[in-house]
Amino acid sequence: MESKPKGKLAGFFHFPQGDGLSTDEFIKGLWRENPVLVQVLGMCPTLAVTNSAINAMAMGLATLFVLVMSNILVSSLRNVIPKQVRIATYILIIATFVTVADYVIQAISLDVHKALGAFIPLIVVNCIILGRAEAFASKNGVWASFMDGLGMGVGFTYALLLLGFIREILGSGSLFGISLFADSFQDWVIMILPSGGFFALAGWLLLFNGLKLRKKQAQPEQTREEVLI
Amino acid sequence: MFKKTLHIGTSPHIIGGSSTDQIMRNVVFALLPVAAFAVYTFGLSALLLLITALASCLLTEYFLNRWIDKSSPLSDWSVTITGLLYGLTLPPHLPLWMVFVGGVIAVALGKFIFGGLGYNVFNPALVGRAFIQAAFPVAITTWMAPFLPDRFSHIPGSTLTLPFLKPVYDITSGATPLSLMKFEHHTTDTYNLLMGMTSGSTGETSALLILLGGLYLIARKMMNWRIPVALLGTVYLISTVLHWSNPDIYPGGLFMLFSGGLMLGAVFMATDMVASPITPLGATVYGIIIGIMIYVIRVWGGLPEGVMYAILFGNAVSPHIDNFIRPRVYGTGKQWSKS
Amino acid sequence: MKTESLWFIFLNASLINNFVLAYFLGICPFLGVSGKLSTAFRMGMAVIFVMLISSMAAYGIHAFLIWVDAPFLQLISYIVVIASTVQLVEMFIKRFSPSLFKALGIFLPLITTNCAILGLALFQTNKGYNFIESFVFALGAGIGFTLALVLMAGLREKLDFAEIPLIAKGVALTLLVGGILSLTFMGFAGLGG
Amino acid sequence: MLFDLLKKNPTFRHGIHPPQFKEDTRDKPIRHFPFAPVMIIPLAQHIGKPSVPVVSEGQEVTRGQMLARADGFVSVPMHAPASGVIKKIGRVPSISGKMVPGIFLEPFPGSSQEVLEGKPVKVETSTPEEIINAIQNAGIVGLGGAAFPTHVKLKIPEGKHADTLIINGAECEPYLTTDHRVMLEQAPDIIQGVRYLLKATGAARAIIGIESNKPDAAENLRNHLPPDLPLSVQVVEVKYPQGAEKMLITAILGREVPSGGLPIDVHTVVVNVATTAEIGRLLPHGRGIQERVITITGPGIKKKGNYWIPIGTPLRYILEQAGAEEDIDRVFMGGPMMGTAVSSLDIPITKGTSGIVAFREEEARKKDVKIYPCIHCGACVDACPLFLNPSKLGILAKFKDYHTMASDYNLMDCFECGSCTYVCPSHIPLVQYFRISKLVLRNEKAKAPHV
Amino acid sequence: MTVDTIQPEKKEVGSFKMFQAMVGIGIICALAIVVTYQTTLPVITKNKAEALEKAIYKVLPGAQTRKNFQWDGQKFSEADPSDHSLKDVIYTGLDANGAMVGIAIEARGQGFQDAIQVLYGFDPEKQAIIGFYVLDSRETPGLGDKIVSDAAFQENFKALTARLDESGKKLEHDIQTVKHGTKSKPWEIDAITGATISSKAVGNILNHSAQYWAPIIKAHIDELRTH
């Protein structure tokens, strides 16, 4: 993981295209270290705003944006930031990009902004972002950090979308606001209620647990328990 | 010549009392008159509803347990209770597909996920009911009038709604005594409530039969009498005192006792052994907490009926009750401490 | 024109729209520190404490930002103030009540990244609560958070001794219980109305 | 009449009411039993250190002669149950299934079986120490089943005192009627025993506690009460485990023995009624104990009854003599609630054996029922005489959390009466779990380095 | 997750350097925020204004433009329409000729799930509510949220009497929600079946708000017209 910085801006000029490592940085966020489905982080927006696919998408993209930008900035400034104040600095950087995202979304669509409510500003305290800044970006080059942020962000977004899909399809009978069924479809209102958020995420986790268990079935019971989150 | 090998085992070598399946079976027996009256009151739709509820619960239990290789899960009768109780809490003409969904949820989410019999921290029937209430709020708050003349010849269209479709009602809907009280300040006659001459959930209308079932179980020592007594007593006490202070706003004690799902909840739901406290004092406290909650939700809350939520809340509190209310162990405490 | 009474604000924040069970704020500690009752309770106390203080602080900042006409600094100043409030509170408690520090100490830094605190500040601003309303709102939110955490802890302690199917072990189970609790809290809807 | 109905006998709280099954034997007078061809005498028939043989193989002994001496204070000597010859000193089968040190004795056929007399101990002239020594020398242990050396209980520790002596005639175990018969037939011996015990303990009064299902026994003892003795009879409620020391003390005196403490902590000494009778019978003659009263009963026994049986008589011999059915499947030593199921009929009865209960297969099978998970019905909580929470303890035991069981739920107070297991509708072997848990904890403690 | 990662320092960093770094980053951040704010502000203001106008025109049929008025406790004064931070603002709706069709007022109060925020149109001539629009609510989907869409319910607010009594200080009749199908008076609201609580909440909100504003508007109607 540890890249060796030669100069202050070493990472900037190092674009190892097609480098297996960077691809890996990207892919790990999608599945192996998926922030939602594997690490179970950033739960608050995950459950709160996924009652429709469009909200989930907006939230995911906003988080992706903040994640990538803060990762880039943190990693490019990683040798300038003194250790003692690094957390404060990270929070400052993240808060900045969240504010930016907040205004941009507001400019694009007031409706989406209203639906997401206070949850866009709350991206600041999403553990994923601070976590990536501290655990990855502060130790790695810009390109790797970018890929890491992108991977985590995409992973986060698609996890949100998975939730948003199931909740909107069942809860409102539509997807991205487009009605899927005839009018006589009975909405499962619970899915767009808070408890539906809990159940939907739990449902996905159960599904993934089941898949993992099936994979490990050949192994003895002891290890089977360990693979579960 | 005596046998070469004797059976060994540790003491005690005799056992007494009733067994778990016996207790569960008797609860089912106690529920049967209530179910029969429900069918008599609401006709074919209630019959189909109860059958569907039972079938969905039994099937879910059977297949889930087979899936994780647990053996004979149905023989303990507990899931039969869940199915019956769940069905009895639903409005009589709820679409059968919704009934089925709730039954699956009740057993899968309310029971199986916690490890099955003995581990369900919530009453499974109520988990299923609460899920349906949240999922289909309109369907579950539409009530049918009781004793319709064609109830044995005609199956309401809503009952047979195709899966995933909205029900269409072709039958007179009736308001429950509680919603009449809450929204129109009209109280129903206690005699009618007692005898079950009102509309409401399938099995909640006849307070009398429910009470009799409860008394049967208490007499056979298969139910903790403290829970219903504390619960009903609390509701009665609060409502009588408040009714006395202002009869215009607060309904009387007897009306509160016999209306809605209170009787069914107090006798058959709150007493779910697994999800309620184990000590006598704990059970009393638990009953009082649920009683207070029911009153608060019914009278000050937004819902005409709060029994289900109050009991679920009681279930959630009961681990704490068990933690904090423990009998003083023999030979401990101040006066017996060793000098 | 608002008609919300203080009593309603309190009930709303604590029960009807419980921060954890209806808004999903503070889910991380809800999942993380709800394993043991004693821990959950102390965490709850710490959160109530910090919520009250940061709510007052946020009220002040909001007034100040309106005055200098810089709404875009809202988020940054909130997060900075909350972080430093927590830090100050920590130092203060450490100095004046070591026993309290021992009880709450390890939770205080965790609270910085607890979205319930920031959420509280943002919500009270969005809802335009005045000082007293904000205080009541913070109190309600804190108590509601503690209630949810404590209920969860009790259930989880009980479930520690249950034969949970392999597939549901871990976070999934906690989420499911959270979902049922959330269903339960729907019963409070309409209270205070 | 009505007043009598309302007046309740004192008792403790909780407990259970198992069926009594005492009708079969309670009216059968105690009869003597023949001597078995070979007697098996384990050296450890009591709690404490095993006794040390003082005879050698091939030696001829007289009935009542000391075969082994006590090894220290918490130990008692062993006396010959019959006149005969020592066949072997070695290892003998025991109830635990293991072979333990013991003596094989072959009685002389046709001997008059006269019992050896020793130095008499008089109540009036003896000091408490002398009486306590005499009780130890007589080899007396608790005949109620615990087999704890009686003299150890009587020795009041420094700084403590006893004000009450309770004679335990509760006999709450189903099936057993030995104490019942002893109280009916040996009242003078009991009174005499009480005299010795009062003197030894210095207690101001003595109370005989009897369950109300033995009114004839209470009546008989009341009739025998001497005017000069501060002795009374107290009838207590029929309830299991009324015969447990702690429960009887609570029922009669309203005192609770502190957790982890002994009856003497509440100034009480409890002695079993049969033990008392034995003291009253043996001490005036300076004899040692060589036989005891045992109830032989159960659905598998044809000649049910109460018998004087020489200690060391093999079980198989007893069952043959008592006409046991051939298809007996379970045999318990002691009552069915706290007794032990034996795996072999070649073991002998010991001083602690109060009854032998034999079940045939159909009765026995009742216990092989399906075990369900705990449904928190609370029956065990209502049954536990110590107000423990067996349900929670059972769950903790299932998940092997032994330390919480002991620290938070008072596991170590459990005296394994089995009430919880008896009432459990899910048939969870609760008390069995607790035994294992206590054992694990004790082993752990023994292994832990001492600080 | 971040607090426990403090590693032993290898070399001391002077406070000046820390200060320098913080200020530097602060400047970058400030720059980013200000640039975004400035770029997006016009768009956002426009969007908000449009959204508000859409609502106002909905509750005031016939209105083409609007004006904002702020109430300071004494009198109304025209306010900057782009300033969304002001309190106690009401909107007058003007038709194509510049004549006032009515006044749009925001009101908020407790509903079933959470606070309900509404905008309603008030006609000072007729002394009646002439339009109603839900700005924000979290009522139960399928039940309570019918207050937003239910046509029959909306029909209540075409002409809902909010007439002042003789004193001019309060309404002659309280605005009241009654059971579905029993509306008989012009100041009554016909509730939605199954959503009685939400319907009642709307009635309460309107009543509270009208009780407050109607007297003020009547007394100061000239201030609203002259502008």
Side-chain angles (χ1 to χ4, degrees), chain B residues 1-24 71-72 75-78 115-121 221-224 226 271-280 282-283 318 322-323 326-333 335-339, chain D residues 16 18-19 174 246 250 256-261 265 316 319 324 326-332 336-345 359 364 366-367 369-370 372-379 381-382 385-389 391-392 410 413 418 421-427 429 431-432 435:
Chain B
M1 208 56 233
F2 298 123
K3 283 186 184 173
K4 278 236 174 72
T5 52
L6 293 173
H7 257 101
I8 50 164
T10 48
S11 64
H13 304 288
I14 50 173
I15 47 171
S18 36
S19 67
T20 296
D21 53 334
Q22 221 177 330
I23 293 178
M24 299 289 174
S71 59
S72 72
S75 63
D76 60 37
W77 289 79
S78 65
L117 176 66
Y119 299 113
N120 50 300
V121 287
K221 296 201 167 142
M222 289 170 173
M223 174 183 287
N224 191 344
R226 291 178 188 87
T271 49
D272 179 346
M273 290 165 170
V274 184
S276 58
I278 197 163
T279 59
S318 80
D322 269 343
N323 256 334
R326 296 188 195 172
R328 183 185 57 81
V329 170
Y330 179 95
T332 61
Q335 78 246 52
W336 308 113
S337 62
K338 265 192 283 182
S339 50
Chain D
I16 57 172
K246 288 180 174 183
T250 307
E256 279 188 20
V257 180
S259 163
D265 291 317
R316 187 182 301 278
L319 290 174
E326 294 221 327
D327 58 348
I328 49 171
D329 188 57
R330 277 168 202 239
V331 177
F332 314 122
M337 288 302 295
M338 282 182 88
T340 315
V342 302
S343 55
S344 150
L345 297 178
F359 279 8
K366 277 182 203 155
K367 206 172 169 261
V369 282
K370 190 174 172 195
Y372 293 103
C374 173
I375 55 164
H376 300 250
C377 64
V381 175
D382 285 339
L386 297 180
F387 317 134
L388 303 175
N389 184 344
S391 155
K392 182 76 185 178
N410 298 62
D413 283 337
T421 308
Y422 177 82
V423 295
C424 181
S426 288
H427 311 309
V431 75
Q432 287 86 337
R435 279 189 202 116

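Reckoned from all heavy atoms, side chains included, excluding hydrogens, waters and symmetry mates. All chains are named by letter (A, B, ...) in the order of the sequence lines, taking the proteins before the strands, and each is independently numbered beginning at 1.
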Smallest heavy-atom separation, B:G9 atom then D:A341 atom, equals O-CB, 3.4 Å
Pair count under 4.5 Å, heavy atoms only, with chain D: among B:S18, B:G115, B:P280, highest is B:S18
How long is the span from the OH atom in D:Y372 to the OG atom in B:S19, to the nearest 0.5 Å? 6.0 Å
Using the six-membered ring wherever Trp is involved, compare the ring planes of D:F387 and B:Y330 and label them parallel, tilted or perpendicular (cut-offs 30° and 60°). tilted
D:V431 side chain reached by B:P12 side chain, heavy atoms, under 4.5 Å: yes
Out of D:S344, D:S391, D:S343, return the one with the most heavy atom pairs under 4.5 angstrom to chain B. D:S343
Specify the closest pair of heavy atoms between D:Q432 and B:S11, including all atoms of both residues, with the distance to one decimal. NE2-O, 3.3 Å
Taking every non-hydrogen pair under 4.5 Å, which of D:I16, D:I328, D:D413, D:V331 racks up the most with chain B? D:I328
Which pair of heavy atoms, one from B:I15 and one from D:H427, lies closest together, and at what distance? CD1-ND1, 3.7 Å
Looking at chain B, which one of D:P19, D:P18, D:G339, D:P174 has the largest number of heavy-atom pairs inside 4.5 Å, strictly under? D:G339
If you define the side chain from C-beta out and look only at heavy atoms, does anything of B:M24 sit under 4.5 Å from D:I375? yes
Say you draw a straight line from CG of B:D322 to NE2 of D:H376; how long is it, rounded to the nearest 0.5 Å? 8.0 Å
Chain B heavy atoms under 4.5 Å from D:K246: which part of the residue, side chain, backbone, both or neither? both
Below 4.5 Å from any heavy atom of chain B, which atoms of D:T340 appear? Answer side chain, backbone, both or neither. backbone
By a 4.5 Å heavy-atom criterion (distance strictly below it), what part of B:L117 contacts chain D: side chain, backbone, both, or neither? both
Okay, D:C374 and chain B: the region with an atom under 4.5 Å from a heavy atom over there is backbone
Distance in Å, D:K370 NZ paired with B:T20 OG1, rounded so as to fall on 0.5 Å steps: 10.0 Å
Is there a side-chain contact between D:P425 and B:Q22, using heavy atoms and a 4.5 Å cut-off? no
With a 4.5 angstrom heavy-atom cut-off, which part of D:A324 approaches chain B: side chain, backbone, both or neither? both
Name the region of D:P429, side chain, backbone, both or neither, that has any atom closer than 4.5 Å to a heavy atom of chain B. neither
Please state whether the side chain, the backbone, both or neither of B:D272 comes within less than 4.5 Å of a heavy atom of chain D. neither
What distance do D:N389 atom CG and B:I278 atom CD1 have between them, rounded to the nearest 0.5 Å? 5.0 Å
If you measure from OG on D:S259 to CZ on B:R328, what distance do you get to the nearest 0.5 Å? 11.0 Å
